[in-house]
Amino acid sequence: MSKKLFLLLIFLTSCSEKVDLIVYNATIYAVDDTMAKHTSVAVKDGKFVYVGDDTVTSKYSSSNIINAQGLPIYPGFIDSHAHFYNLGFLSDQVNLTETSSLVDVVSRVEKFNNVNEKKFIIGRGWDQNDWTNKTFPINKLLNESFPDKPVVLRRIDGHAYLVNDYALDLAGIDMSSKVEGGEFIKSNGKLTGVLIDNAMRLIDDIIPEPTKKALLSAQEIAFENGLTTISEAGISRSQIELIDSLQKAGVLKIKIYAMIENKTEDVDYFIDRGPLKTERLNVRSVKVYADGALGSRGASMINDYSDRKGYYGIIRTPIDSIKSLAFKLAGTKFQMNTHAIGDYANRFVLEAYGDALFNYRDPRWRIEHAQVVNEDDIDLFNQKIIPSVQPTHATSDMYWLYDRIGKKRAKLAYAYQELLNQSSVIAFGTDFPVEDINPIMTYYSAVARKDKSGYPDDGFQTENSIGRADALSAMTIFGAYANFEEDEKGSIEVGKSADFIILDNDIIESLESRIPLTKVVATFINGELVFNRRYN
């Protein structure tokens, strides 16, 4: 080698920029405006500084270089509607999913108690729709097994509790108890221990808060599933402040878009101070409940339930209160995110939004769930109102949906493609722990409209399935847009936060049947490896 060439090589090497991380030899879906594909990225100070081809190693140098061996890379998944705080509880709760009867439920609680000896037992996941007897249970068996400690068992959709008499007494609930927007189920002149929607709040007041350890456990579950940002659908000021403190201490690294629980004092506190924004926390929205859920017949319907004649569901927040809050928030920088499942709830919320947002250009208010929308109301969705939906709700509810609301109304349910056409943006979430936290199942449910076993063969109401590219956008850049964060995350572009994931299967190109088998190989937040199956 000539002296001149040797000196040139030294010069070129010394000119390469030092970065914190280089990943090359990948299939990178940028999810940008052009839906470009790349093979390499470089990260410095938590941001992408290069997105392009494998010449990255001639332009940048790093002590941390990953050969992705052709695996696909996507922006970090954003869960646009979930309950991170509640997931924290799960590490210390009784798992009641896939129980076959009340006897099965009580048996699981007894086994849990034998191992854990808790002073306060919490469980989640029962669903009477899966039992032979599909009526709501009565707590007699629960009282017999647990006469001297509180037991609170949340229904799978989170909109009903089954509790023992000890818990009822502790919460001060008796036959004279009443609450607007909820129901204390009774039978033969006695409380059954089943509480619906707002009636649950009296029990909530006696439930212990999850510990720091529980929240960190929830974070690990999120990272394992490729989640880098979670929209927390309704928490209190004190819970927000705990998350903020843990993030600032460097132990909670997950990014949170927190919706403020609709309590006047908490809402006013944040309105007075304006949105709270840090690198990992964003507080600029209010979560409101218009109605309940279909599974517990709490969803507010225009016409009565097919399997409960004369019953129309529950309005959890009075319509006048929703209207007044809408006008109150319209004059602020805070977004209104309203849970609306039944077609009547969707109607009056959409009308309230339309009235309040008449003079506002880009509010990005959200309808959370938008499960059943009347055909006369679908055009009330527009670019000001974002549908925030959970595709696995469709594939969880499809087994009993026709019994609950009939085939004609069911055709207007979970209409995701139609909602996307109306609003141009749709945000995907899981509603975990109501549903499986795994966003791959969210994606599969949206594009295939099937459950994890591949049922039904032809898919459920596939006229409203979402194309693969749009489904990926709904889990990334659309989710960021719904959080007012599209300039900082949601796509792999220079200048944005280096939140990205590596999967073991290309969900854009693979066979449909392989999608549910997909695993997360690695998860990165701000370029930091926070979950790892393969890389050291």
Quiz prompt | Worked verdict on Y353 versus T338 for side-chain hydrogen bond (donor to acceptor under 3.5 Å, both in side chains) | solution = CA-CA 10 Å; Y353 278 18; T338 307; 2.8 Å; yes
Ignoring hydrogens and angles, state whether a donor on the side chain of [X] or [Y] is under 3.5 Å from an acceptor on the partner side chain.
X    : Y    : result
N346 : N374 : no
N198 : Y289 : no
Q371 : Y414 : yes
T518 : Y443 : no
D79  : T430 : yes
R154 : N86  : no

So does [X] pair up with [Y], basic N to acidic O under 4.0 Å?
X    : Y    : result
K255 : E485 : no
K489 : D499 : no
E488 : K277 : yes
K190 : D165 : no
K411 : E463 : yes

Quiz item: Does NZ or CZ of R284 lie under 6.0 Å from the centre of the six-membered ring of F484, at an angle within 45° of the ring axis?
Solution: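 Yes, a cation-pi geometry.
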Quiz item: Considering residues at least two apart in sequence or located in another chain, which fulfil the side-chain hydrogen bond (donor to acceptor under 3.5 Å, both in side chains) criterion with T192?
Solution: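 Once residues adjacent in sequence are excluded, T192 has no partner under the side-chain hydrogen bond (donor to acceptor under 3.5 Å, both in side chains) criterion.
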Quiz item: Is the shortest heavy-atom distance from the side chain of E418 to the side chain of E375 under 4.5 Å?
Solution: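 With C-beta onward as the side chain, the pair stays apart.
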Can any side-chain N or O of [X] pair as donor or acceptor with the backbone N or O of [Y] at less than 3.5 Å?
X    : Y    : value
R404 : G295 : yes
R273 : Y269 : yes
N262 : V288 : no
H369 : Q390 : no
H159 : I196 : no

Quiz item: Partners of R155 by salt bridge (charged side-chain N to carboxylate O under 4.0 Å, His left out), sequence neighbours excluded?
Solution: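 So R155 forms a salt bridge (charged side-chain N to carboxylate O under 4.0 Å, His left out) with D127, D157.
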Quiz prompt | Set of residues satisfying salt bridge (charged side-chain N to carboxylate O under 4.0 Å, His left out) with respect to K263, sequence neighbours excluded | solution =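 Checked K263 against salt bridge (charged side-chain N to carboxylate O under 4.0 Å, His left out); matches are E261.
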In Å, rounded to the nearest 0.5 Å, how long is the span from [atom1] of [X] to [atom2] of [Y]?
X    : Y    : atom1 : atom2 : value
Y344 : I315 : OH    : CD1   : 5.0 Å
L168 : L195 : CG    : CG    : 6.0 Å
I260 : I271 : CD1   : CD1   : 7.5 Å
Q417 : Q461 : CD    : CD    : 14.0 Å

